[in-house]
Every structure is written in structure tokens, then in C-alpha cells.
Asks: 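Here it is, the structure in full.
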Amino acid sequence: MKVLRTRNELVDALGAPHGTTGLVPTMGALHQGHLALVAAARADNDLVVGTIFVNPLQFENQGDCEDYRRYPRQLPADLDLLEGAGVDIVFAPSVEEMYPTGAPIVRVHTSSMGGRLEGASRPGHFDGVATVVSKLFNLIGPTRAYFGQKDAQQVAVIRRLVADLDFPVEVRAVPIIRAADGLAESSRNQRLSTEDRAHALALPQALTVLRDRAADGRDLEVESVRETLRSAPGVRLDHLQVVDPATLEPVTTGVISRPALAVAAIHVGAVRLIDNVELVPGVGVDKR
Ligand code: PAF
């Protein structure tokens with residue numbers, strides 16, 4: 001596995017003919033969810049490129065915040081995991097390498113699609129994601145790019161980025177990987193105490209209730225599920241909404257008649273966690 005730190009090294013390495021390329025963009029602190037992305041990329045492509053870059057643009061104040069400073073950085077361990085998973089090239093640039101003239105003036109604007117849900121609590125976040133992902137698409141020219149379904153809004157925004165700006169890339173969403181207790185794998189889980197982790201389980205449990213009600217063809221009663229989360233010990237609800245999977249526009253709830261997505265975010269201690277489930281109406285709980 002080659003580990004490259006500069007854009008010039010990357011351009012050189014990708015210069016030789018190499019068939020199809022699968023890109024797995026990450027911010028490091030890798031877990032099983034990332035390894036599932038790599039496995040999918042490995043199965044589909046001749047060459048797999050992983051990137052590790054904690055992108056300041058997608059954090060509050062362009063990275064001048066605690067969340068950015070405290071984001072786990074563990075390059076040697078991440079490289080071991082990527083090598084074990086069969087990645088061919090890792091691109092792990094510094095901030096100066098990625099943004100040599102400082103914070104970019106020209107950026108991708110994700111408008112209201114990036115401004116709602118996660119974006120409502122994190123202004124500019126999806127513009128930062130779309131900008132860095134556009135740079136990676138331009139630098140690497142992947143055939144396919146792999147993103148975790150856990151960040152459902154990110155997947156939807158990247159699909160629109162590709163459609164609206166004509167990037168010749170196929171976007172693949174890889175299903176959420178959950179730990180045995182049901183919590184969706186996330187780099188942020190590392191920051192949960194044992195007690196916080198137990199509190200955090202209220203999130204997948206609430207989403208499961210919605211998934212089962214949809215499968216049963218019942219009224220989702222979203223407000224009652226919100227109330228359960230609001231009163232769960234150690235949890236502060238940020239949002240819980242039912243949206244269209246492609247546009248992220250809110251859908252009228254009650255009994256749903258077409259597939260939808262339930263998306264939610266909670267705070268547990270100092271950690272903000274997100275999760276989502278697909279709601280498939282009327283399939284029956286046993287056939288989900
Ligand atoms: O999902 C992430 O880890 C990041 O948002 C991404 C896609 C690597 C862009 O920085």
C-alpha cells in the first residue's frame with residue numbers, strides 16, 4: 001500500500017493505467033463502518049484509493065472549534081486497518097496541502113438541502129463536505145465513490161453534487177454497520193463513557209419503533225417517539241424527522257404510503273450522534 005501526502009505524489013501514482021478506481025473518502029478514526037466501505041470498493045474496482053483528511057471546512061468556524069481539535073487522529077492505526085482491508089493507495093494530506101492558498105474562496109453551495117436537518121445545527125457543514133469531496137473527485141477521478149448510509153444527508157447531498165455538477169462518478173451508499181448493542185458505528189462513539197453509551201441506545205431504539213410501525217402499516221406517531229427521546233435519561237434530542245430519501249424534504253407522516261427515511265440526532269454528554277432507518281410501508285415487521 002502506498003501512503004501519499006502530496007497532490008503531486010497522487011497525480012504521479014494515478015498516472016499509469018489502472019482500470020476502475022474506487023474512492024473511500026474518510027476523516028480517519030476508522031471503524032467497522034469504514035471497513036465495510038473499503039470491502040465494497042475492493043469488490044467492485046481494480047484500484048482502491050482511501051483518503052484520510054480531517055476537513056476543517058466542514059466544522060464550526062472553519063475548524064476553529066473544539067470538535068475539530070478533539071476529532072480523533074490516529075494515522076498509524078488507520079493505515080494498518082486500510083492495509084489489512086486491501087487498500088492500494090492512501091492519500092493523507094495536511095491542511096496546507098489540501099488548501100494551499102488558505103481557506104478556499106470558491107466553494108460548493110448546497111443551499112437548503114444542506115441547510116436542514118444536520119445542517120441546521122452545523123451551518124456550512126455540507127458546503128464544506130461538498131467542497132472537499134469535489135476536490136477529491138477532481139484529484140482522483142474515481143469510477144465509484146463509497147459513503148456510509150449512516151450519514152444519510154451526506155449521501156443525498158453527494159448524489160445531488162454529482163448530478164448537478166456532472167461529476168462522472170457513481171455514488172454507492174453502504175448500509176449502516178451496527179455494534180451488537182444496536183448503536184451505529186461512528187468515530188464519535190470512542191468519546192462515549194460506558195454510561196453515555198447505554199444512554200445513547202435510546203436513539204436506535206426510537207428509530208426501530210418507527211421502522212416497525214411503518215412495516216406494520218401503522219401510524220408512525222412521530223411526536224410520541226420524539227417525546228420518548230426527550231425524556232430518555234442522559235439524552236438531549238436535536239431532531240427527529242421523517243423525510244424523502246432523495247430530496248430530504250419532510251414527508252407528511254401518519255401512515256406513510258411510500259418509502260421514507262427517519263433521521264435523528266441526539267446529544268449524549270458532549271457527543272452528538274446521528275442515526276437513521278429506512279421506513280418501508282406495509283411490508284410487515286417480519287419481512288423488513
Ligand atoms: O464522512 C466523512 O468522513 C466526511 O464528511 C468526508 C466524506 C470524508 C468528507 O470530509
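Remember, it's 1-based here, ligands and their atoms both numbered in the order they're listed.
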Asks: Could you tell me, atom by atom, which parts of ligand 1 come under 4.0 Å of a heavy atom of Val132?
Replies: 9 (C), 10 (O)
Asks: Around atom 3 (O) of ligand 1, find the nearest protein heavy atom and jot down its residue, atom name and distance.
Replies: Met27 CG, 3.5 Å
Asks: Could you check whether Arg73 makes a cation-pi contact with Tyr68, meaning its NZ or CZ is under 6.0 Å from the centre of the six-membered ring and within 45° of the ring axis?
Replies: yes
Asks: Under 4.5 Å between any side-chain heavy atoms of Val243 and Gln153, yes or no?
Replies: no
Asks: Hey, is Thr26 touching ligand 1 through its side chain, its backbone, both or neither, going by heavy atoms under 4.0 Å?
Replies: backbone
Asks: Taking the side chain as every heavy atom from C-beta outward, state whether Leu201 and Leu183 have any pair of such atoms under 4.5 Å apart.
Replies: yes
Asks: For ligand 1, which atoms sit closer than 4.0 Å to a heavy atom of Pro25?
Replies: 8 (C)
Asks: Hey, is Arg272 close enough to Asp67 for a salt bridge, meaning N to O under 4.0 Å?
Replies: no
Asks: Please list, in number order, the atoms of ligand 1 under 4.0 Å from a heavy atom of Gln58.
Replies: 4 (C), 5 (O), 9 (C), 10 (O)
Asks: State the atoms of ligand 1, each with its element, that fall below the 4.0 Å cut-off from a heavy-atom position in Gln154.
Replies: 1 (O), 2 (C), 4 (C), 5 (O), 7 (C)
Asks: Starting from the C-alpha separation in whole Å, work towards a yes-or-no answer on salt bridge (Lys or Arg N to Asp or Glu O under 4.0 Å) for Arg178 and Asp275.
Replies: CA-CA 10 Å; Arg178 295 185 182 278; Asp275 199 351; 2.9 Å; yes
